[in-house]
Amino acid sequence: MLSAFPDDRFVVLYDNLPEKDDNSLDICLLVPVETTTVTQQTITLAVVGIEQTMGGSYNLISDTINDFNRENTTYRVELTNYDKMFAKEGYGGGFVPNYEKGAAQFEEDLLAGVKYDMILFGTKYDGFSALQDKDLFMDISVAAENADLLPCLRGTASNTALPFSMSVSTLVAADTTVSSAAEFTWDKLFALYEGLGDGETLFSTDVSEQLTVTMLSDYIDMDAAACTLDSPDFARAAEFIAEVQKAKKSRAANPLCDGNLGSLADGATSCFGDPVGSLQSGALKFLTVNLDMLDSLISVPYLFEEAGLNPVFCGYPTKQGGTLYATPRVNMTIPKTAANKAGAYAFLQYALSEEVQCSDGMAARAMPVTRAAYETQIQSGYFYIRVFAEELTNWMLEEVTDAPREQHTGLAEVHVTEEERAAMVSYFADTTARGIYDKTVRAIVDEELSAAASGVRSTEEAGAIMKNRVWIYLNE
């Protein structure tokens, strides 16, 4: 569809389904430009393992690239989407990605000498550590300092890869269980476990993955290549996690995790039963909450407060107190062979800029990674929450009806007080604990924890073996 102006500009409304998996239309303004004035340099960018679902990470990346190309007169991004190379046609003209084949082709091309100025990889791709060991990527840590990344992400971002967006997992408790995140140490968790009464449960679902990450942040110093995995404190935490791993195999309620309740995700899609009611009654101590959008930082407390419950976002335990379990959803890296390193760095800075990180598009699709994003977005004082309207809240907390879920969605204006706003900003912006995400370290620890959980060796023996293996790896 075209609308022409007298000065030769055109407005175009068009269907962009081959590039998107939703049913949206794009609108753009076409402006005639003399070819002699176009001096843009190309930035070749590859994406691999990035979630391609409607409203997911790829749509956010695609929009960011389009905005960069429209605003920047020096550089223009040229995109190669490996996730789409072996995709099958999906509903409504979209596509179903084949992440495994796309990743294999990406690695084959990269090792065969195909050069990209920049690479973006998501949670569907787990081969970055192996490529990193081959010394293929530039040190871009200075960009993290300039962008003021959240402290909780500084440990997850290596010198060669920086996060563009993230998701967050946290535990939520009633204030009668844990008064604040600072109180939530390993000792506090052990005391709560030992004091459980009949019919009471610690967690709504399995949290062994998250507990392992925060535990390792206490006992491994990646920068100093040192670890204390043979200490008594580590053995106690590891033994506890081994017990959680055993408990997750049962759907029945037990003192460690109740598989009948699940976790509260964006839109409450994976909850069962009445988790908020279980918190109110004291039968459940911690509910797992997974946040994939900044809007959820407001909507989840709203859901609890509607039920008359004062929630405490306490994170996961460390020696110093509760901390976030933050997972980068999209990471950015620049190969050493990049032909246009300046252009790649310009796009990286743009992706971490306030313009992008503080945008409404970011807030509605992911958790941003810079401090400014939380201070700016939460500053407004109120949010429009899509799916946490009163009707949906009642549906989630009281009963499941036969009507389709979509009929329960709506808009709810949620006012945020100054005190609540300060607490939310502090929760994300001031958390400093580091998480261990190194693939090799995690493989060693998971292997030995599984051996301890199955009774092959004691927790103390597993810790000693872990220490030796991790120390050798860190010092190679």
Over all atoms of both residues, closest heavy-atom pair of [X] and [Y]:
X	Y	value
Thr123	Pro328	CG2-O, 3.5 Å
Ile43	Gly343	CD1-O, 3.1 Å
Gly127	Glu107	CA-OE2, 3.9 Å
Tyr116	Val114	CE1-CG1, 3.7 Å
Val312	Ala174	CG2-C, 4.4 Å
Val369	Pro163	CG2-O, 3.5 Å

4.5 Å side-chain heavy-atom contact, [X] and [Y]:
X	Y	result
Met215	Ile241	yes
Leu211	Pro317	yes
Lys84	Val47	no
Leu171	Val289	no
Asn69	Tyr75	no
Thr44	Thr42	yes
Leu162	Asn331	no
Phe128	Ile119	no

Test Tyr316 against Val213 for side-chain contact (heavy atoms from CB on, under 4.5 Å), laying out the working first. CA-CA 9 Å; Tyr316 286 86; Val213 169; over 6 Å; no

Does a side-chain N-to-carboxylate-O contact under 4.0 Å join Arg329 and Glu51?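 Salt bridge flag = yes for Glu51 with Arg329.
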
Ion pair present between Glu209 and Arg442, side-chain N to carboxylate O less than 4.0 angstrom? yes

Pairwise distance OH(Tyr345) to CE(Met332) - rounded to 0.5 angstrom: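 The distance works out to 10.5 Å.
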
Lys341, NZ atom: more than 12 neighbouring heavy atoms under 6.0 Å: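 Enclosed.
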
How about CD on Gln349, more than 12 heavy atoms from neighbouring residues, nucleotides or ligands closer than 6.0 Å, or not? yes

Using side chain to side chain contact (heavy atoms under 4.5 Å, CB included) as the criterion, point out the one residue from Asp135, Asp139, Thr160, Leu136 that pairs with Lys336. Asp135

Reference residue Thr212; test side chain to side chain contact (heavy atoms under 4.5 Å, CB included); the match among Val207, Asp446, Val244: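 Only one of Val207, Asp446, Val244 forms a side chain to side chain contact (heavy atoms under 4.5 Å, CB included) with Thr212, namely Asp446.
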
Strictly under 6.0 Å, is that where the ring centroids of Tyr99 and Tyr82 end up? no

Mind telling me whether Phe121 and Tyr125 have parallel, tilted or perpendicular rings, with 30° and 60° as the class edges?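 Aromatic pair Tyr125/Phe121 classed perpendicular.
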
Can you check side-chain contact (heavy atoms from CB on, under 4.5 Å) on Tyr350 and Asp67, steps first, answer last? CA-CA 10 Å; Tyr350 176 77; Asp67 291 342; 3.3 Å; yes

Dump the intermediate steps for side-chain contact (heavy atoms from CB on, under 4.5 Å) on Thr318 and Ser217, then the final yes or no. CA-CA 8 Å; Thr318 67; Ser217 68; 4.2 Å; yes

Determine yes or no for a side-chain-to-main-chain donor-acceptor pair under 3.5 angstrom, with [X] supplying the side chain and [Y] the backbone.
X	Y	result
Asn66	Ser62	yes
Ser179	Asp175	no
Gln357	Phe164	yes
Gln210	Gly315	no
Asp83	Pro97	no

